[in-house]
Amino acid sequence: MVNGEEKADLEPVDNVPGDFEGPNEHLGESTSPVEDEKKRPSGDGSIHSEHSHSSNGSIEVFPETVEQQPRSKSKSSSVRSRPLSIVPRHKRRGLLARFSIIPEVDRPYDYKRSTKWLITMIVAIAGAAAPIGSAIFLPALPQLSADLDVSPTVANLSVALYMLSMSIFPLWWSSFSETLGRRTIYLVSFALFTIWNIVAAESTSITMLIIMRVLGGGASASVQAVGAGTIADIWESFERGKAMGLFYLGPLLGPLLAPIIGGVLTEVWDWRATQWFQAIYGGVLFLILTFCLPETLARPREPVPVQPIADEKEARPALTRISTRQSVHVKTKKAAKIFKRCIIDPLSVLAYLRFPAVLITVYLASITFGSLYMLNISIQQTFSEAPYNFKVIIVGLLYIPNSLGYLLSSVLGGRWTDLIMHREARKAGRYDEHGKLILRPEDRLRENAWMAAVMFPGAMIWYGWSADKGVHWIVPMIANFFFGVGSMVIFGCVTTMLTEFMPRRSSSGVAVNNFIRNIFSCVGTFVASPLINAIGDGWLFTGLGIICWISAFAVIWAMKRFGPRWRIEMDKKLND
């Protein structure tokens, strides 16, 4: 028997709000007190939820009530009958938390869908800051070389080292966010981002410029690690693919908007205007984050109160005298703890690369990301020289086709991936005792990944030879569109999988990914121009395309063949 409240939860989906979306086969999350007890935050700030991660590493979806019920058509965890448990303003966490218009809640999964999409959009816009900082400079590189009297290769260092900083700093941002919270990291990093860009705009030498851009890139890179953690905080696994697609749309729109903006600013003013634009962008984002972004990291479990001791004499601590040696020992332990927290712990996330599932997933993202930045350098160099000889503003417009591919794939790719996960679970008959689907991260790499593995390397070869032979500009631009579609499918799948492989340390998994892939992009940015000069676009992108073909096919095959075993072994080791 079910009571009146439980019966209301089993009503047909006609009562679902208008913004409800998703495949009808998937079931909603439990709203029973028993399920709530399972999902209370643990002491380390994570939510021990059988819904989000089972003991064997799979992702399970639990029923509407404790009793077994027929499968409903509801998917969204946001369709709930209980009110939000809002944290009082004086108890909210994070820097300047009292000023947030959107309140902090005990369970971020309980936010309305409209609130979740607003938070996702804000984080996506913030995530665009780092790639804008790299791409906005591409049309300005020739003018920068002339103004500061440096070679094109040295000018490219301002982009390459910017990417390197984006690989290193997220390790610290990710580690600190697990204890300090997401909101504090966002506000501190964007305050620094604004300051460094103001100084960069006033640089008087290439050395000063590169140092300021390294610091600015490291500050803006916080969103690359912490942003995916925020998405994992508020969206559950069965609907996270679409949300992750929107989040990744922000960082990948940088190559669409930034070169255009950079070309216009450089044409009208000079390269310094690009740095002032970034400073204004960072300042506006700081205000938006201050007033519109609540803390979403799961609250730690309240400590159990200590029972008072009956005998007051026993409760009084004995007076002791601490020797100098003991005092030094205590201070040394405290210093060692601080060193471990600030240096060792951030670097320790690299240990996740010992797991094969994480290693090959990160490798696939890295070669794809490195290829993207080599393509960006090629566009800037190839089309500003003969036979094209395009102006700076026109070169900026040439980044639109591949970015349109990112846009299309972001909108459709995440939803497609979610549907594939549900289909694979149904095909394999993976239901729990309540009739709910058991979803697995490795199911995200199916026909969508095979399509992408064929598309983006082939598009690089197409682009390389058409640009090398001076074919009409529309031909290589069409190739770049398909590169954008294929590469974005890979980025979306990989990032979402990493949050699901390590659900209790989602931002750490993404930080590892950012560390490796940005090193690849840094190297690619630095070597692209010399390689183009040496062997031309055709042979460069042919070799790169073949490497990407072999790598992508091998990773997808290995994940399908060995992925379940690797995930289970990794889950056991992480839970030991």
In chain order, what residues pass the side chain to side chain contact (heavy atoms under 4.5 Å, CB included) check against [X], with sequence neighbours excluded?
{"X": "Val123", "value": "Ile119, Tyr186, Val223, Thr230, Phe247, Leu293"}
{"X": "Ile550", "value": "Ile546"}
{"X": "Ala558", "value": "Ile360, Phe562, Trp566"}
{"X": "Met455", "value": "Met451, Phe482, Val485"}

For [X], all residues meeting side chain to side chain donor-acceptor pair (under 3.5 Å), sequence neighbours excluded:
{"X": "Thr542", "answer": "Trp465"}
{"X": "Ser371", "answer": "none"}
{"X": "Thr120", "answer": "Trp235"}
{"X": "Asp537", "answer": "Ser378, Thr382"}

The ring-ring contact (aromatic ring centres under 6.0 Å, His included) partners of Tyr463 (sequence neighbours excluded) come to Phe541
Contacts of Phe383 meeting ring-ring contact (aromatic ring centres under 6.0 Å, His included) (sequence neighbours excluded), chain-then-number -> Tyr388
Can you find a pair of side-chain heavy atoms, one from [X] and one from [Y], that are under 4.5 Å apart?
{"X": "Met477", "Y": "Asn402", "answer": "no"}
{"X": "Trp117", "Y": "Arg113", "answer": "yes"}
{"X": "Leu375", "Y": "Leu544", "answer": "no"}
{"X": "Tyr406", "Y": "Ser487", "answer": "yes"}

| Does atom CZ of Phe355 have more than 12 heavy-atom neighbours, drawn from other residues, nucleotides or ligands, at distances under 6.0 Å? | yes
* Around Trp539, counting heavy atoms of other residues, nucleotides and ligands shown, do more than 12 lie under 6.0 Å from its CH2? -> no
Q | Lys112/Thr115 under side-chain contact (heavy atoms from CB on, under 4.5 Å): CA gap, chis, key distance, verdict | A | CA-CA 5 Å; Lys112 294 180 181 179; Thr115 304; 4.0 Å; yes
Q) Can the ring centres of Phe553 and Trp450 be said to be less than 6.0 Å apart? A) yes
Residues passing the salt bridge (charged side-chain N to carboxylate O under 4.0 Å, His left out) test with Arg423, sequence neighbours excluded, are Glu447
Paired with Phe369, the ring pair (Phe, Tyr, Trp, His ring centres under 6.0 Å) test is passed by just one of Phe491, Phe520, Phe456, namely Phe491
Decide whether a cation-pi geometry holds between Arg213 and Phe137; the criteria are a distance under 6.0 Å from NZ or CZ to the six-membered ring centre and an angle within 45° of the ring axis.
-> yes
